[in-house]
Visitor: 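Structure incoming, see below.
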Amino acid sequence: MIRVQGVDFEPGAEIDRLLRGRTAVGGVASFIGIVRDDLHGPALRAMTLEHYPGMTERMLAAIEQEANRRWRLSASLIIHRYGRMVPGDRIVLVVTAAPHRQEALESCQFLIDWLKTKAPFWKREETEEGEHWVEAQVRDDVAAAKWQTEPSAN
Amino acid sequence: MIRVQGVDFEPGAEIDRLLRGRTAVGGVASFIGIVRDDLHGPALRAMTLEHYPGMTERMLAAIEQEANRRWRLSASLIIHRYGRMVPGDRIVLVVTAAPHRQEALESCQFLIDWLKTKAPFWKREETEEGEHWVEAQVRDDVAAAKWQTEPSAN
Amino acid sequence: MEVLYFAWVRDRVGTAREQVDPPESVSTVGELARWLASRSNGHAAAFRDCELLRAAVNQEHVPFGHPVAAGDEVAFFPPMTGG
Amino acid sequence: MEVLYFAWVRDRVGTAREQVDPPESVSTVGELARWLASRSNGHAAAFRDCELLRAAVNQEHVPFGHPVAAGDEVAFFPPMTGG
């Protein structure tokens, strides 16, 4: 399940809803991305996430589908926000549920790594010294690229 | 922070409490272990987790300390329940928060892998066909052993 | 053909989307980018270094050699920074 | 010396903990296990195959060659299955 929204979400409530009625789940992995006030550089006042409506939903659905092709998941959820947020605000939630923990943990990592480089979102930061677009990180490409090959069977 | 308790916990509330007042956190990884009704074999009625009071707390604290030695974490939490639980009940919660997602995700996986083989808990299952102690899984030893070497720096 | 711009590409071009009707000689994303660059100083600034840009045709990521045709929705944007 | 048993080790021994006073010749965890095995049929069943067992001395995991001494808290249990 994927959702692209401007408003905040409650991770605990989302996880509860995702698991309702499922008894074959042994492990639930989740990741929450949060607006971070970097300790280096000028203090962050706010961050605005722009996205490409339509394509965002398509890419998130495709990424989720790929995770479900690679791992045997009981349920999965991606929520990604757009709009203006301040340090400490939640940006993204990824949840994966599976019979065994390894499948849940690996697929959660996969989803967030792929999402970083494939979902059409762009961050603009407002700091004490002005505004700027955040540049893509090479390490995010590296993290996404390691999933180009299939995961080891377990 | 570690807790060993008989009662249930609320993952969302625990994560919120752990993050309160922290602005340098960019990623929060969590894992929830749940009593699973295996699709193979006789239906599971309940599971009782026995533990070694005193040693459990020592081991969980040691494992958490090791994670904080290996990764630069902003906060971490392990909650492990003991006692009788039914399918769908939460058993364990691991949460790690870090400036960057990779540190949070890796340390979360490390904590649950180590906990599985190093924390003194034993599961007894009640099924339709009777009761039995759950046997340790070789794959859990394999998962824990891969962390014997240090993680790659990132 | 509808062209969309995001993030600093939009800032430089000065608009989020525009309807364009390129000549028939424009048959790929790369050729479209070169043609768009000639439309204004803003466009020129946006397309100055195409290696910094990514493109999508009909909401699918594509390389700059990908074909474009009338009726397509084409988007130009910097590498993504979500998550 | 206090000896604790957990999970099926306790089921077989028939008690969760006992105070014991082994002879001086018992100086390691393994020697203690062999000596405990002789105390009852239940103990014998619990310690029949020591490869299935794990041990802790004063709440630290130890191999069976680890020394034991008067005043120690020694625990025997199967491989752990938490998480």
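These numbers were taken from a predicted model, which means no experiment stands behind them. These values consider heavy atoms only, across backbone and side chains, with no hydrogens, waters or symmetry-generated copies.
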Visitor: Against chain A, label N58(C) side chain, backbone, both or neither, depending on which of its atoms sit under 4.5 Å from a heavy atom there.
Guide: backbone
Visitor: Where do M55(A) and A56(C) come nearest, in terms of heavy atoms and distance?
Guide: SD-CB, 3.7 Å
Visitor: Answer with side chain, backbone, both or neither: which region of Q137(A) has an atom nearer than 4.5 Å to a non-hydrogen atom of chain C?
Guide: neither
Visitor: Around E135(A), counting heavy atoms of other residues, nucleotides and ligands shown, do more than 12 lie under 6.0 Å from its CD?
Guide: no
Visitor: Return the orientation label for the W122(A) and F77(C) ring planes: parallel under 30°, perpendicular over 60°, tilted otherwise.
Guide: tilted
Visitor: Which residues pass the salt bridge (Lys or Arg N to Asp or Glu O under 4.0 Å) test with E73(C), not counting sequence neighbours?
Guide: none
Visitor: Shortest non-hydrogen contact from P53(A) to Q59(C)?
Guide: O-NE2, 3.8 Å
Visitor: Rounded at 0.5 Å granularity, tell me how far OG1 in T81(C) sits from CE in M47(A).
Guide: 8.0 Å
Visitor: Heavy atom to heavy atom, less than 4.5 Å: which residues from residues 34-54 of chain C reach chain A?
Guide: none
Visitor: Strictly by salt bridge (charged side-chain N to carboxylate O under 4.0 Å, His left out), give each pair with a member in residues 1-10 of chain C just once, sequence neighbours left out.
Guide: E50(A)-R10(C), E2(C)-R17(C)
Visitor: I need the single residue from F121(A), W133(A), Y52(A) that forms a side chain to side chain contact (heavy atoms under 4.5 Å, CB included) with F6(C). Which is it?
Guide: Y52(A)
Visitor: Mind ranking M59(A), K118(A), R124(A) by heavy-atom pairs under 4.5 Å with chain C and telling me who comes out on top?
Guide: K118(A)
Visitor: Going by residue number, which parts of residues 13-30 of chain A are within reach of chain C, meaning a heavy-atom gap below 4.5 Å?
Guide: none
Visitor: H51(A) versus chain C, heavy atoms under 4.5 Å apart: side chain, backbone, both or neither?
Guide: backbone
